[in-house]
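Heads up: the structure comes next, in structure tokens.
Sequence positions, counted from 1, serve as the residue numbers for this chain.
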Amino acid sequence: MAKRKNASMAALAYIIFFLPGIMVDRKDEFVRFHMRQGAWLLVVALALQGLLSLWVFWGMPLGGMLRGLIRVFLIIQVAIGGMTALRSEQKELPLIGKYAPKFF
């Protein structure tokens, strides 16, 4: 597959999802796809961390272990998204990508 010129910007979208939209042409569908995935990953991360904070607050056992597993899951999602973007592919993130709304 041919390397896209904005592959590094698309990969950056998984760390700071809005930055590529400022720095490159907003009509670039490849970058927009990865920005949507990055934004959705942020929403999922905030929701999971918020839910886990409530569980820990109410005394759920094993809360610390769940927090660690969620963080590992999120780091893996960022790595998969970034590597996919750098390979100039447009694949959804595993488990959560198909639910990504049409941001941007």
Side-chain angles (χ1 to χ4, degrees):
M1 174 170 274
K3 183 84 169 162
R4 295 183 192 240
K5 76 175 192 177
N6 289 329
S8 59
M9 280 292 133
L12 183 62
Y14 290 96
I15 299 171
I16 307 171
F17 78 92
F18 63 86
L19 193 58
I22 297 169
M23 298 179 73
V24 298
D25 182 17
R26 287 188 52 97
K27 291 182 173 61
D28 186 344
E29 185 54 40
F30 175 70
V31 174
R32 288 181 63 210
F33 173 82
H34 288 287
M35 286 174 60
R36 283 191 298 272
Q37 294 285 307
W40 182 239
L41 184 58
L42 177 64
V43 168
V44 169
L46 292 174
L48 287 174
Q49 291 295 327
L51 182 61
L52 188 57
S53 294
L54 286 175
W55 287 345
V56 171
F57 178 74
W58 291 106
M60 181 185 162
L62 304 175
M65 186 175 78
L66 280 175
R67 177 173 283 153
L69 289 173
I70 288 172
R71 287 183 180 156
V72 168
F73 169 76
L74 295 171
I75 290 169
I76 290 171
Q77 294 288 310
V78 168
I80 290 171
M83 289 187 307
T84 302
L86 288 174
R87 285 188 302 228
S88 298
E89 297 174 352
Q90 199 166 327
K91 293 182 181 176
E92 293 177 342
L93 291 172
L95 300 177
I96 63 170
K98 64 183 173 183
Y99 302 108
K102 299 298 178 192
F103 291 123
F104 311 103

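Residues Leu12 and Phe17 have side chains not in contact (no heavy-atom distance under 4.5 Å, counting atoms from C-beta outward). Considering only heavy atoms from C-beta on, Pro20 stays 4.5 Å or farther from His34 through its side chain.
Judged purely by atom type and a 3.5 angstrom limit, Gln77 uses its side chain to pair as donor or acceptor with the backbone of Pro94. A donor-acceptor pair under 3.5 Å links the side-chain atoms of Trp40 to the main chain of Ile96, judged by distance alone.
Note: Arg71 CZ to Leu48 CG = 12.0 Å, rounded to the nearest 0.5 Å. To the nearest 0.5 Å, the span separating CE on Met9 from CE on Met23 amounts to 4.0 Å. The CD1 atom of Ile15 sits 11.0 Å away from the CG atom of Leu41 when rounded to the nearest 0.5 Å.
When the side chains of ILVMFWY residues are joined at heavy-atom separations under 4.5 Å, either directly or via intervening members, Ile75 and Val44 end up in two distinct hydrophobic clusters. Under the 4.5 Å side-chain contact rule for hydrophobic residues, Met83 and Ile76 do not share a cluster. Under the 4.5 Å side-chain heavy-atom criterion for ILVMFWY residues, no single connected hydrophobic cluster contains both Phe33 and Val31. Connection of Tyr14 to Tyr99 is established within a shared hydrophobic cluster, with ILVMFWY side chains joined at heavy-atom distances below 4.5 Å, either directly or through further cluster members.
Scanning both residues, Ala10 and Phe30, for their nearest heavy atoms gives CB-CE2, 3.5 Å. Of all the heavy atoms in Ala85 and Ala11, the pair that sits closest is CB-N, 3.5 Å. In terms of heavy atoms, Gln90 sits closest to Thr84 at N-CG2, 4.4 Å.
A salt bridge does not link Arg36 with Glu92: none of the charged nitrogens is closer than 4.0 Å to a carboxylate oxygen.
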